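Taking it in order: structure first as structure tokens, then the write-up.
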Amino acid sequence: MKIKAPRGTMDILPEQAKKWQYIEKQFKSICQRYNYKEIRTPLFEHTELFQRSVGDTTDIVQKEMYEFKDRGGRSITLRPEGTAPVARAYVENKLYGDPKQPHKLFYFMQMFRYERPQQGRMRQLNQFGVEVLGSKDPAIDAEVIDLAMTCYKELGLTSLKLVINSLGDEESRAQYRKALVEHFTPHKEELCKDCQTRLEQNPLRVLDCKTDSEHPAMKKAPSILDYLNEESRSYFDKVKSYLTTIGVDYEVDPNLVRGLDYYNHTAFEIMSEAEGFGAITTLAGGGRYNGLVEELGGPSTPGIGFGMGIERLLLALEAENISLPLTNQLDYYMVTMGERADVESFRIIHYLRKHGIQVDKDYQGRKPKAQFKAANRLNVRYVLVLGDEELDKEIINLKDMETGEQEEIPLTNLVQTLTLKEV
RNA sequence: GCGGUCGUGGCGAAGUGGUUAACGCACCGGAUUGUGGCUCCGGCAGGCGUGGGUUCAAAUCCCACCGGUCGCCCCA
């Protein structure tokens with residue numbers, strides 16, 4: 001084969017697509033229960049949107065964006081994440097003026113990140129996500145987290161870990177940032193190269209460095225939790241208390257920083273603890289972003305959301321050995337014998353389909369024997385047998401593939417009989 | 001972006017320098033002129049990821065590239 005799918009992309013074939021459909025259906029039903037409405041934004045945006053919101057120092061912007069110039073010379077980027085585009089749409093369409101607040105939104109969208117692919121990390125990836133704009137009620141934080149957990153739980157996943165943290169408000173964060181720089185600067189030379197850069201550009205991210213995690217300075221690093229001001233601390237406490245109220249277990253990890261610039265207050269991640277899941281365990285991540293809408297030119301509007309990788313979700317299901325209840329097999333298969341019957345069968349199945357009956361036939365010119373084999377392969381319970389004999393008698397033979405029994409159905413009663421069978 | 005590892009018919013998998021590249025599954029046909037799932041028999045299908053090189057001779061050795069996979073960075 002000459003032309004292959006570009007690196008980091010994949011085809012989703014019918015067998016697999018059934019799972020995607022099922023997951024989407026379940027998640028949409030959950031969203032309906034929680035009263036979240038679907039939003040769809042463009043596949044690509046002006047590069048500037050991500051630079052300004054996600055942040056120039058983040059990995060996403062520095063090395064992962066699918067960025068190109070269009071024919072008009074504009075810098076365009078295939079969206080690497082969903083929050084910024086949704087916030088942009090909120091501002092652009094003036095949804096802040098809509099009396100229905102907050103706006104509770106969900107999406108199923110493709111994202112693109114230029115990374116070295118491996119299992120669970122594609123260049124084109126699919127995310128289900130949720131964004132709530134216009135509420136700073138800690139109960140909404142808990143609702144969003146609960147929604148994500150519910151999605152996983154209703155599919156049957158159990159080996160989950162919810163990790164939460166608070167990054168505090170701007171003031172808390174600035175204080176903490178200062179403390180971190182003061183703490184790490186004396187050890188700067190001992191830290192890894194990445195951390196030295198991070199210390200200057202984005203000190204919070206020094207904390208989630210894996211290389212230096214054993215360094216004594218890392219262990220003695222100040223905790224964000226000690227730098228939360230009164231308001232931030234109280235907010236975080238309320239979020240935790242709401243989670244407890246509805247029985248959502250969590251673990252507080254003061255080192256959970258989240259990479260993107262727009263986050264503040266609540267940050268969370270959901271991981272799989274299933275065995276054999278490999279190095280990548282994050283299934284979903286999100287947080288609050290109270291300054292983002294304003295940053296994008298809208299009125300000061302609080303927001304919170306998460307993104308959930310569907311590819312990783314499928315891996316988690318596999319790791320936990322969960323098979324989704326997929327049930328779309330064929331109801332009827334038509335077997336024909338002879339040319340007369342073959343032509344007539346085409347007319348009949350068209351008629352049956354028109355009446356809502358799910359039926360297929362052979363298109364390979366196979367012998368009857370092979371047609372029955374095909375029916376077996378398709379896992380069909382009933383086969384409609386049509387040959388010269390049946391045509392002459394104006395009936396069709398309905399064969400039950402499980403019992404092997406066959407009964408004659410008058411053609412005039414066909415639809416009625418088959419419809420009843422399905423019940 | 002860095003490091004390890006792998007790449008043989010549709011799938012799985014032998015072969016590690018030398019006659020026309022095992023085998024299993026799947027598929028097609030026959031035994032059974034119009035009836036399947038079992039059995040038996042037969043058949044279809046690959047020149048070994050791509051491109052160079054070494055050699056009398058390469059799927060087998062070397063190089064580059066592409067792709068998968070694992071790990072790192074980071075995240076979904």
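A quick note: this is a predicted structure, and the numbers were derived from the prediction, not measured. Labels below follow one simple rule: chain letters A, B, ... track the order of the sequence lines, proteins then strands, and each chain is numbered from 1. Computed over heavy atoms, backbone and side chain alike; hydrogens, waters and symmetry mates excluded.
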Inset, instruction - Using a 3.5 Å limit on both pairing distances, list the dot-bracket string of RNA chain B from the 5' end; Watson-Crick and G-U wobble pairs count, crossing pairs take [ ], interstrand pairs take |. - result: ((((((((.[[[..)..(....]]].(((((.......))))).....[[[[[..)....]]]]])))))))....

Inset, instruction - Using a cut-off of 6.0 Å, state whether more than 12 heavy atoms not belonging to Arg40(A) lie near its atom CZ. - result: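 Result for CZ/Arg40(A): open.
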
Legend entry - Whichever of Lys399(A) and Thr281(A) has its nearest RNA chain B nucleotide further upstream toward 5':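 The residue mapped nearer the 5' terminus is Lys399(A).
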
Inset, instruction - Find which nucleotide of RNA chain B each of Gln127(A) and Asp400(A) is nearest to by heavy atoms, and output the residue with the more 5' nucleotide. - result: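 Upstream on the strand: Asp400(A).
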
Inset, instruction - Return the orientation label for the Phe268(A) and Phe306(A) ring planes: parallel under 30°, perpendicular over 60°, tilted otherwise. - result: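 Rings of Phe268(A) and Phe306(A): perpendicular, over 60°.
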
Closer than 4.0 Å, any side-chain N/O of [X] to the OP1 or OP2 of [N]?
| X | N | result |
| --- | --- | --- |
| Lys367(A) | rG30(B) | yes |
| Arg258(A) | rA76(B) | yes |
| Arg7(A) | rG67(B) | yes |
| Gln118(A) | rG71(B) | yes |

Inset, instruction - Name the orientation of the base relative to the sugar in rG67(B): syn if the glycosidic angle is within 90° of 0, else anti. - result: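 Chi for rG67(B) falls in the anti range.
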
Legend entry - rC72(B) to rG15(B) separation - P atoms, rounded to the nearest Å: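 rC72(B) and rG15(B) have their P atoms separated by 32 Å.
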
Inset, instruction - Please answer whether the main-chain N or O of Gln364(A) pairs with a side-chain N or O of Asp362(A) as donor and acceptor at a distance below 3.5 Å. - result: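 Side chain of Asp362(A) to backbone of Gln364(A): a pair is present.
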
Legend entry - Base rG29(B) to side chain Arg366(A), donor-acceptor N/O within 3.5 Å cut-off: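 It does not, because no donor-acceptor pair links the side chain of Arg366(A) to the base of rG29(B) below 3.5 Å.
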
Inset, instruction - Grab the CG-C1' distance between Leu315(A) and rU69(B) for me, whole Å please. - result: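 Between C1' of rU69(B) and CG of Leu315(A): 13 Å.
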
